[in-house]
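Report on the structure given below.
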Number of protein chains: 2
Amino acid sequence: MRRADRLFEIIETMRSTTKAVTAAELSHELGVSERTIYRDISGLQGQGVPIEGEAGIGYVLRPGFHMPPLMFTIEELEAIVLGARLAGQRADKDLQKAADRVLSKVKSVIPDQMQSRMDRIPLYAPPTYWPSHNAGEMALIRECIRKEIKISIDYSDLKENVTTRIIWPVAVAFFAESTLLAAWCELRNDFRHFRIDRMQQVRTLEERFNGGGGRLLQSWERQVTGKNR
Amino acid sequence: MRRADRLFEIIETMRSTTKAVTAAELSHELGVSERTIYRDISGLQGQGVPIEGEAGIGYVLRPGFHMPPLMFTIEELEAIVLGARLAGQRADKDLQKAADRVLSKVKSVIPDQMQSRMDRIPLYAPPTYWPSHNAGEMALIRECIRKEIKISIDYSDLKENVTTRIIWPVAVAFFAESTLLAAWCELRNDFRHFRIDRMQQVRTLEERFNGGGGRLLQSWERQVTGKNR
DNA sequence: ATCACTACTGACATATCCTGTCAGTAGCAT
DNA sequence: ATGCTACTGACAGGATATGTCAGTAGTGAT
C-alpha cells in the first residue's frame, strides 16, 4: 500500500472509533512498521489534522477535525464574503487561495438555502491597480512571523539609501496606501516599520528569535498605540 | 511538495472553485509536471474521490462529494481574521458587528489550541483616515439591495450639480479610494455608479423592483466586465 | 474541416523519498 | 518501579514518484 493511500486510511480508522488507537495497532492493520506510522502521523499533524498522541495511551482524533454545521445570518455571510474578497485583493496569492477555501468550506457547512444566496452577495472588492510590489514575498513573511524566523532584508528608505538589516518580523499592517511590516530591527535595536514594496530582497535566515508567546507582539502593540494616541 | 500533501491540496483546490480546473493549472500551481497531475488524479479517482475530467474542459469535482470539510488551517484563519478586519474598516457599523460575530462563531468551533492562536493573528487593518462619508447609509443600502427596494438619492456629480434620482441598487464595490454603489438608474435608463460619499440624502421608497433572482445583478456584471476588457 | 485546447496512456531512466532496523529518551498509568 | 506507549535520530537499500518524450482521442470554436 502506498503512503498516499495510507494517510487516508489512517484518518478513516481513527474516525471510526472513539477509543485511542496505538501505533502498534495501526502498523499491524496497515502492514507497515511502527516507525512508518509515527512518520505518517507526524505528516498528518503537519497538515493540520488534529491527531493527539499521549504516551501510554495511543492516538485520538480530536473532535474538531471536521467542521460542524454553522449557522450564519445573511449579514454575517456578507461580512465573510466581503472580507474574503478584500483580503484576497490586498494580500498575497497564498492568502487569496486560503480565502477562497474559507468561502467554499463555509458554503458547505451552512444550510442549502443559504448556499445559493452566498453566490449572489453583491459586495465586491475590485482589484487595486497599484499592486504593491513584493506581494509575492508576503507569504514568506507571514510564514516567518508564524515560525519566528529571523529574516534579512535590503531596504531602501525614502532617500533611496539601501541598508541591509536583520529583523524579527512580528506583524503586517494593511494600510490603504501601502502594506507595512512591523519588526524588531537588530540594527536600530527597536521596532521599525518597513514598507513591503521598498524591500529589495528578502532572505530567510537559519536563526530564530523568541517571541515570548505573543509578548513581543504585545510590546509592539503597546508602543504603536502609545505613539498614536 | 510531497505527493501525499499534494493530493489533499488538489481536493481543496477543486472544492474551492465551481469552474473546471485544467491539469496545466494544477501543475503550475503545485509545481509539478502535468504528467504527475494526471497520475495524482488517477490515484484519487482510484480511492473513490469523484473527480470527473473532460477533454477540452478540465476537471470538476462532482457535486455530491459531501465529505465534511476539514477544519480551518492556520492560513485560512489568517484570511478570515484579516478579512473581518478589513471589512470592518471599510464598511458600515452593522457589517462590522456582523464581522465580529463571525469571528466569535468561528472561534467557537475550532480546537482550543487554535483559539489562542486566533487572538494573536498579526495581520491588521488600521483605520483609514479618510473615512468615506455616509458610511452610515451603507447598512440601509445593503438592506435595500437584499430586499430589492427602490431608493431615491440626491446625488452631486463632479461639477457639484445635484440631481435627484430613483435607482435600483444592485451591488457595492469597495475600491481603494472610494466606495461605489452600482444601480439601475431610472433617470438614465441604464446602470450607473454612485460614490457613496457623494450622496446627499438617501431615502427608501415604498416601491420595489424586480431583480429577477439575480439576473439584474448578472446583467450589470456583464456590462462592467465587458467594458473593462 | 480545421484548429486549439485538453484529458489520457505508455515507456523509461533517474533521483527522490519512503521504509525498516536499531537505538535511545521521556511521559503516562498502574 | 514497571510496562506500555509516544516520539526522535541515523542510516542504507530499495520502492516509487517524477520528468521527458511521444502519441491518441474528445470537445468546442471558427
Side-chain angles (χ1 to χ4, degrees), chain A residues 1-65 147-148 206 208, chain B residues 1-63 65 111-113 222 225-226 229:
Chain A
M1 170 176 281
R2 297 200 312 274
R3 176 184 160 96
D5 303 329
R6 214 170 46 227
L7 299 183
F8 285 92
E9 279 288 318
I10 289 176
I11 291 177
E12 284 309 311
T13 302
M14 305 209 50
R15 206 146 65 100
S16 65
T17 178
T18 56
K19 291 186 323 189
V21 182
T22 67
E25 285 165 14
L26 287 171
S27 90
H28 184 256
E29 190 174 323
L30 300 172
V32 292
S33 73
E34 285 186 39
R35 184 68 183 88
T36 297
I37 296 294
Y38 288 122
R39 275 191 281 243
D40 285 351
I41 293 210
S42 161
L44 286 170
Q45 287 170 335
Q47 276 174 60
V49 179
I51 295 177
E52 271 176 1
E54 258 184 307
I57 309 289
Y59 288 107
V60 285
L61 190 59
R62 217 183 321 122
F65 172 49
K147 296 185 178 168
E148 305 192 335
E206 296 295 317
R208 305 187 49 181
Chain B
M1 168 178 282
R2 297 199 312 274
R3 175 184 162 96
D5 301 330
R6 219 171 40 228
L7 299 184
F8 285 95
E9 278 284 316
I10 289 175
I11 291 180
E12 286 304 318
T13 301
M14 303 208 52
R15 202 217 296 273
S16 69
T17 179
T18 54
K19 293 184 318 191
V21 182
T22 66
E25 285 165 14
L26 288 171
S27 90
H28 184 258
E29 192 173 317
L30 301 172
V32 293
S33 74
E34 285 185 39
R35 186 68 184 87
T36 297
I37 296 296
Y38 288 122
R39 277 190 279 243
D40 285 351
I41 293 208
S42 162
L44 286 170
Q45 287 170 335
Q47 272 174 64
V49 179
I51 294 175
E52 276 170 5
E54 258 184 307
I57 309 288
Y59 288 106
V60 285
L61 192 59
R62 187 158 15 98
F65 178 61
D112 289 354
Q113 73 178 98
R222 259 199 306 278
T225 52
R229 202 182 315 139

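Computed from a predicted model, the values in this text were never measured in an experiment.
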Nearest-nucleotide comparison on DNA chain C, the residue closer to the 5′ end among A:D40 and A:G56: A:D40
Residue B:T22, side-chain atoms from C-beta onward, closest of C:dA26, C:dT6, D:dG19: C:dT6
Lys/Arg-Asp/Glu bridge criterion (N-O < 4.0 Å) met for B:E12, B:R15: yes
Sugar-phosphate, base or nothing in reach of B:E54, heavy atoms under 4.0 Å: sugar-phosphate
Residue pair A:Y59 / A:A23: nearest heavy atoms and the distance that separates them: CE1-CB, 4.2 Å
For A:A20 against A:I57, the heavy-atom pair lying closest together: CB-CG2, 3.7 Å
Interatomic distance where CG belongs to B:L7 and P belongs to C:dC18 [whole Å]: 12 Å
Closest nucleotide among C:dT19, D:dA17, D:dG19 to the B:R6 side chain: D:dA17
D:dG19 base / B:R39 side chain donor-acceptor hit below 3.5 Å: yes
Test item: B:E25 and B:T13 side chains (from C-beta on) under 4.5 Å apart, heavy atoms: no
Interatomic distance, B:L26 CG vs C:dC8 C1' [rounded to whole Å]: 15 Å
Nearest-Å distance for atom pair CD1/P, residues B:I37 and C:dA7: 10 Å
Nearest-angstrom distance from the residue atom CG of A:D5 to C1' of D:dA17: 13 Å
B:L26 side chain near B:I41 side chain, heavy-atom distance below 4.5 Å: yes
Between D:dT24 (P) and B:E34 (CD): distance, integer Å: 18 Å
Separation of C:dC17 C1' from B:R3 CZ (nearest whole Å): 13 Å
Residue met sooner reading DNA chain C from 5', once A:G31 and B:Q45 are mapped to nucleotides: B:Q45
Protein-nucleotide distance (A:E25, atom CD; D:dC4, atom C1'), rounded to Å: 12 Å
Contact under 4.0 Å: A:Y38 side-chain N or O vs D:dA6 OP1/OP2: yes
Protein-nucleotide distance (B:R35, atom CZ; D:dT20, atom C1'), rounded to Å: 11 Å
Given DNA chain D, 5'-ward residue of the pair A:G58 and A:A4, judged by closest heavy atom: A:G58
Nucleotide nearest A:I57 (side chain, heavy atoms from C-beta), chosen from C:dC28, C:dA7, C:dG20: C:dC28
B:T36 vs D:dG19: side-chain N/O to OP1/OP2 distance below 4.0 Å: yes
